[in-house]
Amino acid sequence: MSEQSQPAERMAELPPKTREFLSDLSPEDIATIKSGLPIIRMVIGFGKVTKWLTITFAGLLFGFVLLWESVLKILGWFKPPPT
């Protein structure tokens, strides 16, 4: 027998509510789910990319602000004191 079990055997391992839900699906529902899964995967992937882009942008912004503040302090050391 092959490594993969037959659909009926795999369905037996599922909870009863899940089996009931799957048995009520029409062919159109199955087609919709199959076509929608790649879209959901892309949305989840885009969410991860967006999160890291936001973190990177915030880090760059705060880094530039801190660098500019340090540059202004160092330049202030070379100014002659007010008389």
Side-chain angles (χ1 to χ4, degrees):
M1 183 167 208
S2 67
E3 295 271 330
Q4 291 182 342
S5 60
Q6 297 299 322
E9 292 173 13
R10 290 188 306 200
M11 290 279 288
E13 298 173 4
L14 296 174
K17 288 187 178 186
T18 305
R19 284 187 296 205
E20 182 182 336
F21 171 76
L22 292 175
S23 66
D24 289 340
L25 292 176
S26 68
E28 293 84 19
D29 293 337
I30 293 171
T32 302
I33 290 172
K34 282 185 178 180
S35 67
L37 283 176
I39 296 170
I40 292 171
R41 287 186 190 118
M42 284 188 270
V43 168
I44 291 171
F46 184 70
K48 291 178 183 177
V49 169
T50 305
K51 175 184 81 171
W52 285 109
L53 283 174
T54 304
I55 290 171
T56 302
F57 179 73
L60 287 172
L61 179 66
F62 291 130
F64 283 134
V65 168
L66 291 171
L67 179 66
W68 182 249
E69 184 180 357
S70 297
V71 167
L72 289 178
K73 281 183 184 178
I74 292 170
L75 289 176
W77 295 344
F78 297 109
K79 283 186 178 178
T83 54

Same cluster or not: are Leu37 and Leu22 linked, directly or through other Ile, Leu, Val, Met, Phe, Trp or Tyr residues, by side-chain heavy atoms under 4.5 angstrom apart?
-> yes
What is the distance from atom CG of Leu72 to atom OG of Ser70, rounded to the nearest 0.5 Å?
-> 9.0 Å
Nearest-0.5 Å distance that lies between atom CG in Leu61 and atom CZ in Phe57 | 5.5 Å
Strictly by modelled atom types, are Asp29 and Ser26 linked by a side-chain donor-acceptor pair under 3.5 Å?
-> yes
Between Ile33 and Ile30, is a side chain to side chain contact (heavy atoms under 4.5 Å, CB included) present by the stated rule, with each step listed?
-> CA-CA 5 Å; Ile33 290 172; Ile30 293 171; 5.8 Å; no
Considering only heavy atoms from C-beta outward, does the side chain of Leu75 approach that of Lys79 to under 4.5 Å?
-> no
Not counting sequence neighbours, which residues clear side chain to side chain contact (heavy atoms under 4.5 Å, CB included) with Glu20? List them please.
-> Asp24
d(Leu67 CG, Phe64 CZ) to nearest 0.5 Å is 7.5 Å
Can you find a pair of side-chain heavy atoms, one from Val43 and one from Ile40, that are under 4.5 Å apart?
-> no
Do the side chain of Ser35 and the main chain of Ala31 share a donor and acceptor less than 3.5 angstrom apart?
-> yes
